[in-house]
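Below, chains carry the letters A, B, ... as their sequence lines are ordered, and counting in each starts from 1. From a predicted model like this one, the values you see are computed outputs, not experimental measurements.
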Amino acid sequence: MNDPVTALHATVSAAVSGLTGGEVPELGLERPGNAAHGDYATSVAMRLAPLLGKAPRDIAQLLADVLVADPAIASVEIAGPGFINLRLAASWYHQALSDMLSAGAQFGRSVVAAGDEILVEFVSANPTGDLTIGSARNAAYGDSVARLLTFVGEQVTREYYFNDAGNQIALFGQSVQARRLGAEIPEGGYPGDEVGELAAALDLPDDASLAEWTARGIEAMMVRIRGSLERMRVTFDLWTSEQTLHASGAVQKAIAQARSEGHVFEQAGATWLRTTSFGDDKDRVLLKADGELTYFAADLAYVGLKFERGAARALYVLGADHHGYISRLKAGAACLGYDPERVEVLIYQLVTVSGERMGKRRGNVITLDGLADAIGVDAARFFLVQRSHDQMLDIDLDLAVETSSKNPVFYVQYAHARCQSILRKAQADGLTTTGTGPAHAPEPQEAALIRRLAEWPDVVATAADLRAPHRIVTWTQELAADFHAFHHDLFVLHEDEEIRAFRLSAVAATGEAIARALDVIGVAAPDSM
RNA sequence: GCGCCCGUAGCUCAGGGGAUAGAGCGAGAGACUUCUAAUCUCGAGGCCGCAGGUUCGAAUCCUGCCGGGCGCGCCA
């Protein structure tokens, strides 16, 4: 696939290579923030100065002499300490437009990733209640990362792991039973409304065993969770339960494996994994003195299982309150003989609602469904990944509910709807065209829009690399702004066929770009609003 | 005490070595006889927490400090 920016990159690279006899440093080719500095600028002359032993501006001049001959470049100027500022020619814009349109949905996928299987485990909330807003961020972020990686060519498997063993689950089972029988909820149990609803709906006789209440309760809760996630357009390839790890013998097998690697020891009646050998700050118990396995024992088995199944990398999406798991999981993998670099833990910061932290026992729980009810799935997803995952996120519910019409998601979606509306009108009025109207010299608003569209391959590659879907959101807003300005100033269905062809191509490319970008974050691109 | 994240405009935040640091919201002034005004244009608003260091060049990388958030169980 042809990519207009890559072509520009190659042009500059060739010029540099001609000067150095082959060696090409990082070009530093980017869009300057200041329009006076050209459409693109490179700082390569300054980087070459130590290598060539010449003044940066002299090097810049030599490069400029070569670059100015390229038909895609309209003008070259040298500025400041040795920047080379490039202005693109009309031919570049036409080529860019036609490249993007012919690539269509494939545009930006040219950045070929390794193609190894990447396992992305996310959400993984225990089935003891509805998903909360914290899980909502996990779902939106994790799913967007998975979509991003898929977009750049990785083979992604999405997995949800849930604990269905241990104390919390026992308490949940007791709570379900108590709710059904109208008895007192046990200390530390689950008083949520959803537990009551679920208990009432279970097709079990009142004298069913606690084990049955527990198993059926978990099953029903998982159905609820799955439904909430599907509503948010989040799906999984694998659902793995803790019990299956115990039942299959995977836990015992993992402990044996770690033992054979020499990382297991006994102390004070418990069995330990020496994770400190691999950078953890303390060793971890696998088998407690009372004979019970810890959750970490299952976690250890699970990480081993991921690699055994053939995953090249195992990504975990966890909330900031679990950041202590990073060194633990990596060390666990190392104790099993795997390269800890293959474990990658993505931590997102906590979500607060109107400045307050939420908790099931604080009585101020906002659920994923509640959020979607309040502001809609599109706004919820957009909002949840709008900010860096490294940044705390506060959801001002009053504002989110009340001002949904000024939520940025509508701004972006409206740009897409406008594109489709224009294309429909062109069709209806028999004004459709072919090609990009080669004789038309782009107006500034047209040029700005095309340059923005051409950024996509770099934007999506960087976002995938940094596991930072918020960069997609930022870009869609910039693109929408460029489009709205273009639309406001220039009439698309112009009587001049050359102009109309160019603008219709730009509108088509913009519509595709918005839809493609929004899809990466799981947001719909409506054809009309 | 130790570890992770954050500190940028009144507020919420982009910006992951480049030039005069950006956007949205809020407050101010304007723009619709044409494809959707859910739009656009203009101005105001900044010791980029502080201090050092690396570099031709630092909001960005390194060190220390200050402030905020979250963790640091044979809990789950």
Q. ring-ring contact (aromatic ring centres under 6.0 Å, His included) between A/Tyr160 and A/Phe122: does it pass, once the steps are laid out?
A. CA-CA 6 Å; A/Tyr160 188 120; A/Phe122 62 112; 8.2 Å; no
Q: Hey, could you give me the CG/OG1 distance between A/Asp164 and A/Thr240, rounded to the nearest 0.5 Å?
A: 10.5 Å
Q.
Of the options B/rC35, B/rC74, B/rC13, whose atoms approach the side-chain atoms of A/His487 most closely?
A. B/rC35
Anything under 3.5 Å between a protein N or O and an N or O of nucleotides 59-61 of chain B, put it in a table, one pair a line.
none

(Q) Could you tell me if A/Arg137 and A/His389 have a donor-acceptor pair between their side chains, going purely by distance under 3.5 Å? (A) no
Q.
Please give me the minimum heavy-atom distance between A/Ile185 and A/Pro191, naming the atom from each residue.
A. CD1-CA, 3.9 Å
Q | 5'-to-3' dot-bracket of RNA chain B (Watson-Crick, G-U; under 3.5 angstrom; crossing pairs as [ ]; | other strand) | A | (((((((..((((....[...))))..((((.......))))......(((((..]....))))))))))))....
Q) Between A/His322 (NE2) and B/rG73 (P), how many Å, whole number? A) 14 Å
**Q.** Separation between the C1' atoms of B/rA37 and B/rG30, rounded to whole Å
**A.** 14 Å
Q) Quick one: does A/Asn163's side chain have a donor or acceptor within less than 3.5 Å of a partner on A/Ala165's backbone? A) no
**Q.** Electrostatic pair A/Arg503:A/Glu498 at N-O distance under 4.0 angstrom
**A.** no
Q) What are the two closest heavy atoms between A/Ala320 and A/Ile347, and how far apart are they? A) CA-CG2, 3.5 Å
Q | Contact residues, residues 418-426 of chain A to RNA chain B [heavy atom, < 4.0 Å] | A | A/Arg418, A/Ser421, A/Ile422, A/Lys425
Q | Inter-nucleotide P distance (B/rA21, B/rU60), Å rounded | A | 15 Å
**Q.** Distance between C1' atoms of B/rU39 and B/rG24 (Å, rounded)
**A.** 15 Å
Q) When the C1' atoms of B/rA59 and B/rG7 are considered, how many whole Å apart are they? A) 11 Å
Q. Among B/rC74, B/rU34, B/rA14, which nucleotide sits nearest the side chain of A/Ala270?
A. B/rC74
(Q) Applying a 4.0 Å non-hydrogen cut-off, can you work out what A/Glu242 is touching in the nucleic acid: base, sugar-phosphate, or nothing? (A) nothing
Q) What nucleic acid atoms does A/Leu493 come within less than 4.0 Å of, heavy atoms only: base, sugar-phosphate, or nothing? A) base
Q. On a whole-Å scale, what distance lies between the C1' atoms belonging to B/rG22 and B/rA14?
A. 7 Å
Q: Quote, to the nearest angstrom, the P distance that separates B/rA44 from B/rG1.
A: 46 Å
Q: Using the six-membered ring wherever Trp is involved, compare the ring planes of A/Trp456 and A/Trp475 and label them parallel, tilted or perpendicular (cut-offs 30° and 60°).
A: tilted
Q.
Treating primed atoms plus P, OP1 and OP2 as sugar-phosphate and everything else as base, which nucleotides of nucleotides 16-24 of chain B get B, S or - for protein heavy atoms under 4.0 Å?
A. B-BBB----
**Q.** Nearest-nucleotide pick for A/Asp321, side chain only, options being B/rA31, B/rC13, B/rG71
**A.** B/rG71
Q: Sticking with atom P, work out how far B/rA51 lies from B/rG45, rounded to a whole angstrom.
A: 23 Å
**Q.** Side-chain H-bond candidate by donor/acceptor type, A/Asp130 with A/Thr367, under 3.5 Å
**A.** no
Q: Would you mind reading off the distance between A/His484 atom NE2 and B/rA31 atom P, rounded to a whole angstrom?
A: 21 Å
Q.
Over all strands shown, is A/Phe483 touching base, sugar-phosphate only, or nothing at heavy-atom distances under 4.0 angstrom?
A. nothing
Q | Centroid under 5.5 Å and tilt under 30°, A/Tyr295 to B/rC75 | A | no
Q: Write down the distance separating the P atoms in B/rG18 and B/rC61, rounded off to the nearest Å.
A: 11 Å
**Q.** A/His440-A/Phe502 aromatic ring centre distance below 6.0 Å
**A.** yes
(Q) Between the side chains of A/Arg500 and A/Asp496, is the shortest nitrogen-to-carboxylate-oxygen separation below 4.0 Å, so that they form an ion pair? (A) no
Protein N or O to nucleotides 1-4 of chain B N or O, pairs below 3.5 Å:
residue: B/rG3; atom: N2; partner: A/His323; partner atom: ND1; Å: 3.3
residue: B/rG3; atom: N2; partner: A/His323; partner atom: NE2; Å: 2.2
residue: B/rG3; atom: N3; partner: A/His323; partner atom: NE2; Å: 3.2

Q) Can you list every salt bridge (Lys or Arg N to Asp or Glu O under 4.0 Å) pair that touches residues 45-61 of chain A, not counting sequence neighbours? A) none
Q. Which of the following nucleotides, B/rC40, B/rA76, B/rC74, is nearest to the side chain of A/Val285?
A. B/rC74
Q. Picking from B/rA38, B/rA76, B/rG69, which would you name as closest to the side chain of A/Met529?
A. B/rA38
Q) Between the base of B/rA76 and the side chain of A/Tyr190, is there a donor-acceptor distance below 3.5 Å? A) no
Q: Answer with base, sugar-phosphate or nothing: what part of the nucleic acid does A/Ala49 contact at a heavy-atom distance below 4.0 Å?
A: nothing
